[in-house]
2 protein chains.
Amino acid sequence: METGKPQQADSGEARRERKRRQILDIARDVFLRDGFSGTSMSEISAKVGGSKGTLYAYFASKNELFQAVLEDFLARHEAEISGTITAGGPPGEVLLAFSERFLEVLLRPENLALLRLVYAEAGRFPEVGQAFYDSGPANAEQHLAEYIRGAVEGGFLKQDTEPYLAARQMILLSQGWIHNRRLWNVTPAPSEAEIKENAHAAVRTFLAAFGA
Amino acid sequence: METGKPQQADSGEARRERKRRQILDIARDVFLRDGFSGTSMSEISAKVGGSKGTLYAYFASKNELFQAVLEDFLARHEAEISGTITAGGPPGEVLLAFSERFLEVLLRPENLALLRLVYAEAGRFPEVGQAFYDSGPANAEQHLAEYIRGAVEGGFLKQDTEPYLAARQMILLSQGWIHNRRLWNVTPAPSEAEIKENAHAAVRTFLAAFGA
DNA sequence: TCAGTATCGTACCATACTGTACGGTCAAAA
DNA sequence: TTTTGACCGTACAGTATGGTACGATACTGA
């Protein structure tokens, strides 16, 4: 969107990299909006501005472009979604912060669209589902489980808590009903207060089950 | 699949109804497999056996057929998914039975495929998401909430339990991690033992939070 | 028996799709 | 300045799509 005309210091390798990025950004929007089958290479090429030949010089097929788009998207958002856990503190605060931030990130339109896309294509393209899982949920699960293990050792949580089980339940509760309703498109975007409320409810239930 | 040749008592109204059902059954499979954009009317017509003209004599457009397929599918499965709650007994047993059955139903391939389809199309066709929500999740939520209200009044659960909040959390926990992993297609179908284990964990956490 | 209708096969329309080909253009590298 | 190579516009191949048209045929209902 930001690279209308080539600027000065723009040659060779760098130029190619810029164009590639531009294609990926545009293709991402279209794929997220229309799904894999519903997306046309011609439209992408038209939006990029160049010719279809050029598009195919960067990505040999629709499939390849799709994979590249997802890889790029997931890599960008991996840090964000798994960086929601700050280790060390007491569960009451840490988990509340995690839960809020987690849901807020999940509810962003781009991430809802990504989830829809992944769900839709995971059946036909298992590697898509796998890539998504590895870069998102698996990370969140692991980070959270590690934090929980620490909290157990620190005496904040019940001694017999299974970190991975607890982490998964915490994620499910944090995700909440709102998230599903947003995915099904039966409710408008919630207010920040509703998100906070969901987080509180999640933490309350979690601590009732696993608190020391 | 089962109606190859017309049988004897087969005329007028009934005949038409049978053919309609046959088309719906076949179209359902194709839509669930390939999604809306990926599905071709020609393929459906070929699988049905007749001509494309006939297909269009029953459903005026791809859109109309799609809507009809979903309506039919949802109506058939509505009872099953919301009939998983048997009122009256103590939460320990009722909720365990619900949780197990709920997850087992959710994990059936046809329902996973339906969920994928609904997620995928809910963005573009809000009425699809709404119809699904009304016929599935909304029912489950309401039935469960009503049971929980009864259990609170019966002294089985904490007096300050909010039935709808508790119901939603119970559903989220029941759904579990497995369900997501199946949707993302990163794990094979779980054994019955795993399903039971998930249900136990869900009930344990639920009762820790809301038990009297 | 006979009219009416549902269905059939097939061809077709207009459009869209992915992917390729090709000659012209323009800017960077030598 | 000359060469190189990326990029452009456009056209095209080949196939598939949703949807229609139409005459032939088989079957239902009276």
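Given the structure is predicted, the values throughout are model-derived calculations rather than measurements.
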Checklist line | A/L55 CG to C/dT18 P, straight-line distance once rounded to whole Å | finding: 10 Å
Next item on the list: Report which part of the nucleic acid B/Y58 touches: base, sugar-phosphate, or nothing (heavy-atom distance under 4.0 Å, all strands).
Entry: sugar-phosphate
Notebook entry, point to check: When the distance from CZ of B/F31 to C1' of D/dG18 is rounded to whole Å, what number comes out?
Noted result: 12 Å
Margin query: Of the listed nucleotides (C/dG19, C/dC8, C/dC17), which one gets closest to any side-chain atom of B/S51?
Written below: C/dC8
Next item on the list: Nearest whole angstrom, please: distance from the C1' of C/dT18 to the CZ of A/F59.
Entry: 16 Å
Check: Base, sugar-phosphate alone, or nothing: which one does B/T39 contact when heavy atoms must sit under 4.0 Å apart?
Finding: sugar-phosphate
Checklist line | Side chain A/K52 and base C/dG19 donor-acceptor under 3.5 Å | finding: yes
Checklist line | Sugar-phosphate only, base, or nothing, as touched by B/G38 at under 4.0 Å among non-hydrogen atoms | finding: nothing
Next item on the list: Locate the shortest heavy-atom distance separating A/L183 from A/R116; write the atom from each residue and the value.
Entry: O-NH2, 3.0 Å
Margin query: Without decimals, in angstroms, what is the distance between B/Y56 OH and D/dG19 P?
Written below: 4 Å
Checklist line | Between D/dG18 (C1') and B/E43 (CD): distance, integer Å | finding: 14 Å
Check: Would A/R76 and A/E110 pass as an ion pair if we require N to O under 4.0 Å?
Finding: no
Margin query: Judged by each residue's nearest nucleotide on DNA chain C, which is more toward the 5′ side, A/G53 or A/S40?
Written below: A/S40
Check: The side chain of B/R16 lies closest to which of these nucleotides: C/dT18, D/dT20, C/dT7?
Finding: C/dT7
Next item on the list: Check every atom of D/dC8, C/dC8, C/dT18 against the side chain of B/K19 and return the nucleotide holding the closest atom.
Entry: C/dC8
Note to self: Distance check needed: D/dG5 P versus A/R15 CZ, whole Å only.
What the structure shows: 15 Å
Check: Honestly, is A/R16 close enough over A/Y58, meaning NZ or CZ under 6.0 Å from the six-membered ring centre and within 45° of the axis?
Finding: yes
Check: With a 4.0 Å cut-off on heavy atoms, is A/S61 in touch with a base, just the backbone sugar-phosphate, or nothing at all?
Finding: sugar-phosphate
Next item on the list: May I have the distance from A/M41 (atom CE) to D/dA13 (atom P), rounded to whole angstrom?
Entry: 21 Å
Checklist line | Rounded distance (Å) that lies between atom P of C/dA16 and atom NZ of A/K62 | finding: 15 Å
Item checked: Heavy-atom closest contact (B/A120 atom, B/R124 atom, distance) -> O-NH2, 3.3 Å
Next item on the list: Indicate the atoms forming the closest heavy-atom contact of A/F31 with A/L117, along with that distance.
Entry: O-CD1, 3.8 Å
